[in-house]
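Just so we're clear, the structure is a prediction, and the values are computed from it rather than from any experiment. Positions are given from 1 along the sequence. Reckoned from all heavy atoms, side chains included, excluding hydrogens, waters and symmetry mates.
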Amino acid sequence: MAVARRTAKGVWDRYSASDPGLLRLMAGLRTVGAILLALAVLAPLGTSVTHLVAGAMTAMVATFAIQEKEVRGQAITLALGLPVALAAIALGAVLNHRVVAGDAFFILLIFGAVYSRRFGDRGTALGLIGFQVYFVSLFVSASTSALPGLFLTLTIAFACSAVVRFAIVPETPERTLARLREAFRARLAQLIAHQIELLDADSADGPEKALDDLRRSTARLHEAALMIQGRLEEGTRDAAAAALLQRRVADAEIAAERLGVLLLNARSAERVETLTLHLPSASVPLTRRGRIGPDAGTALRRDLQALHLLVVRLVPDDRGTALPYVRNRLLGYREEQGLPQGSPAIQDCFRAIGEAARAILGLRLATDGAPDEEYDSPEAMRSREEFAAEEISISGEAAAAAEEEPTGLRRPTTRAAVQVSVGSALAIVGGEFLSTQRWYWAVLTCWVVFLNTASTGEIMVKGYRRLLGTVLGVVAGVALAGAVGNHTWAAFALVVLCVFGMFFTAPLSYALMSFFVTAMLGLLYTLLNTYSLDVLVLRIEETALGAACGIIAAVLVLPVRTSHRTDEELGTVLARLRDVVSAAVAQLSGGPAIDLVDLARDLDTALDDLRSSTKPLTHPIAPLRARRQTARYIVALLETCAYHARSLAATAELVPSSKSVAADARLALAGRRITHNIDLIAARVRDEEADGTIESGASIAAMLDSGGHEVLRTGSVAFRVLRHLQRLDEGIVGLARPLGVPLAVPEESGAARAASGTRGS
């Protein structure tokens, strides 16, 4: 029984890690539940199949359109959505046979639905409900005589959506955050497990596979940390609790990521470290000379497994003396207590295990208090004292600086509304030529390709993916329609499965989601007795037309070029990187304490936005190979720089409360060179005139060395800070080359001469 429970828990951990917070599962279950409940209520009332289809589609729209986090806000939006839906279905029925008036109103509705996104989640939801329900009226060919029955159907569908959302599959910010914390724990355990696999990898293909797994699990852990950040404000009792949890999650993420980097250092004969972890196509030269010795490897494997146990058992009901004993032993490595023998690189790994154990202790303190302090060693007691001091120092949220918001046609929502309206007008005209009855499919595709896109390249990629998913979905729709025949409830059952697949796969693959949508439509046409192969082929033609119209509108009407957007996002990343580096170096140099975690998370958010903006450039269908490689190279370098900036921030956070981390005023010199180089690159990205060249030359350690060697002692905090600064310096210089920023002549610079003179004195 115990083995079965452990196996089940392991399987659940793997799934929880793959679906952080169970967000995809809950979205699918909530939508499917609303549809099933609506069908269960409507069927005994003798509702026609047409109205059943309308009810199912409305229940689906009323469920997925609402994305607000607070329960009260969800209820208000759902209540406001019902009159919007009733008005949309009524106007659709009245204008169904009035071609000119109906088309004109549809374009106005599309403009309003997109423009309403400027009003936040509620405006987005109401605009989406209005558009989709009007589309439902066209799909079921609603008439004025059928309006009373449709009003009742829509009201029941909204009521069923509310019952499922608030009673059957309830969703509160606190529950979501709790599940996200569990997903973070599961992903952290996976990352450590992959680090153990990297340590054990000996075969020819083993290291490469282990490295791929390590890179993937590191990225997934970072994704979970960002998702937690987005849910902190609503899911915690106050701002102080949110800031504390954010800091503990950041500590655990950085400690685990640093442990992976140091393990790579220990395994690599060439000491390929941070770039190996972040570059998408990097590989590690693991020669025999770089392998870890048997004794050190056995001890390292033992302690990694012990660290993995601490993460797996990171739950409130795990008590006793065994876990505190393991934790205390690992914490001792931070203070050089019981540090196993080995090379400097191996001992760095043991120290990193101690740092990770401390971060896990902090995470447990932030979530459930970890009331097992009676078993604490002196090292564990010191860690608790440091955490307590940090908690006291956490102040209220700083007021965010108000950014200038674009106005008029520069506003993204206004621009998108104009673009999608023009594209929809073209789609209506072209769609009428293809089919006077199914023209709205082209309009729907044009609408969809503009959702959550911000540049011409993103619209082109999304249109391509929708067309690909539609073609594959047509094949599946033909097979499914032939399988169900005239079995109404079998068709509804498959529709429900397709709906679940659509929402479960939406965050993973837009093409896969489009596949499920098209397969579902084939089944709905079967239910409405309008199915034919010609209809599904027409679906492909209308989809291609809608995507083309959307692309034409994006290119000709107020275009936002992909290069322009990527430059904007790159400039934002550089600004955030400079903020983190300058603030961390200032604090490490003895400056005032500030909240570096928020600055680091702003950098991570900006970097994620940059990744999204470069996807059209790095997509396999992108024709410019050199540009694709340059974009990947720049993003990879920025990921490396962000890792070192986060690590600097985490170390600087320890200065006010730790007895082992002291400020050093000499670090300000290194910080000035790095921030100067970032400023030059940012100015080049913004097409501004900037005097000067990228400064390079003497290493950071040489610039700061004053003749003694204590500052560079391997494993010391000062050594770690210098290494992160050196890697940051190298990464920024590496960015200058592909961005065309001039480099200084590599002669003996003033900094090098000063360092040389200092060493000789």
Side-chain angles (χ1 to χ4, degrees), residues 21 23 26-27 30-31 60-85 87-88 108-134 158 161-162 165-166 171-177 180 226-236 239 242 397-421 447-455 458 503 506-507 558 560 565 568-569 572 598 601-602 605-606 608-609 612-613:
L23 298 180
M26 289 299 165
R30 198 176 301 113
T31 307
M60 178 180 69
V61 172
T63 304
F64 80 77
I66 299 175
Q67 299 294 329
E68 291 178 86
K69 299 180 179 68
E70 291 286 350
V71 175
R72 182 175 179 273
Q74 295 173 11
I76 293 174
T77 304
L78 192 62
L80 294 174
L82 179 58
V84 171
L108 290 175
L109 177 63
I110 289 170
F111 179 89
V114 177
Y115 186 79
S116 65
R117 289 158 54 184
R118 65 172 294 192
F119 300 109
D121 289 339
R122 181 164 299 161
T124 302
L126 295 178
L128 189 57
I129 288 172
F131 172 82
Q132 293 287 359
V133 173
Y134 190 87
F158 268 78
S161 176
R165 176 181 294 274
F166 301 120
E171 188 73 5
T172 64
E174 294 79 10
R175 289 181 178 178
T176 301
L177 182 59
L180 283 172
L226 288 179
M227 294 176 74
I228 289 175
Q229 179 191 5
R231 301 279 178 163
L232 280 174
E233 185 176 349
E234 297 84 7
T236 50
E397 294 180 340
E403 297 182 359
E404 181 183 357
E405 185 178 359
T407 57
L409 293 178
R410 293 171 55 226
R411 192 192 301 271
T413 50
T414 306
R415 182 178 60 246
V418 173
Q419 287 178 323
V420 74
S421 298
W447 155 279
V448 168
V449 296
F450 275 95
L451 293 179
N452 300 319
T453 54
S455 69
E458 291 181 36
F503 285 94
L558 304 175
V560 178
R565 180 169 182 245
E568 285 185 344
E569 299 297 343
T572 302
D598 280 342
R601 285 309 176 199
D602 289 342
T605 302
D608 276 357
D609 291 340
S612 299
S613 69

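Under the side chain to side chain contact (heavy atoms under 4.5 Å, CB included) rule, F131 has a single partner from L126, V114, I110, which is I110. None of D121, I76, L78 except one satisfies the side chain to side chain contact (heavy atoms under 4.5 Å, CB included) rule with E68; the exception is D121.
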Exercise for review: Just do the side chain to side chain contact (heavy atoms under 4.5 Å, CB included) check on Y115 and V420 with the steps written out, would you?
Suggested key: CA-CA 10 Å; Y115 186 79; V420 74; over 6 Å; no
| task | Would you please test T605 and Q229 for side chain to side chain contact (heavy atoms under 4.5 Å, CB included) and show each step? | result | CA-CA 10 Å; T605 302; Q229 179 191 5; 4.0 Å; yes
Next on the checklist: The test is side chain to side chain contact (heavy atoms under 4.5 Å, CB included); show your working for M26 and T176 and say whether it passes.
Outcome noted: CA-CA 10 Å; M26 289 299 165; T176 301; over 6 Å; no
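The two atoms that bring G81 and I129 nearest to each other are O-CG2, 3.8 Å, heavy atoms only. T77 and A125 make their closest contact through CG2-CB, 3.7 Å (heavy atoms, listed as atom of the first residue, atom of the second, distance). Looking at every heavy atom in both residues, G127 comes nearest to S116 through CA-OG, 3.7 Å. Closest of all the heavy-atom pairs between T572 and A606 is CG2-CB, 4.0 Å.
Partners of F450 according to the ring pair (Phe, Tyr, Trp, His ring centres under 6.0 Å) rule, which considers only residues two or more places apart in sequence or in another chain, do not exist here. Among residues two or more places apart in sequence or in another chain, the side-chain hydrogen bond (donor to acceptor under 3.5 Å, both in side chains) test is passed with E458 by R565. Applying the side-chain hydrogen bond (donor to acceptor under 3.5 Å, both in side chains) criterion to E568, with sequence neighbours excluded, gives H564. Under the ring pair (Phe, Tyr, Trp, His ring centres under 6.0 Å) criterion, F503 pairs with F64, sequence neighbours left out. Taking T31 as the reference, nothing meets the side-chain hydrogen bond (donor to acceptor under 3.5 Å, both in side chains) condition, with sequence neighbours excluded. Residues meeting the side-chain hydrogen bond (donor to acceptor under 3.5 Å, both in side chains) test with R165, sequence neighbours left out: Q74.
The shortest distance between side-chain heavy atoms of R122 and L80 falls below 4.5 Å. Under the 4.5 Å side-chain criterion, counting only non-hydrogen atoms from C-beta, R231 is in contact with L23. Within the 4.5 Å cutoff, the side chain of F111 has heavy atoms near those of the V418 side chain. Using a 4.5 Å heavy-atom threshold, the side chains of V61 and F158 count as separate. Two residues are said to be in side-chain contact when any heavy atoms from C-beta on lie closer than 4.5 Å; P173 and E70 meet this criterion.
In summary, the side chains of R30 and T63 do not present any donor paired with an acceptor at a separation below 3.5 Å, with no hydrogens or angles considered. Defined by atom type and a distance below 3.5 Å, a donor-acceptor pair is missing between the side-chain atoms of Q67 and T124.
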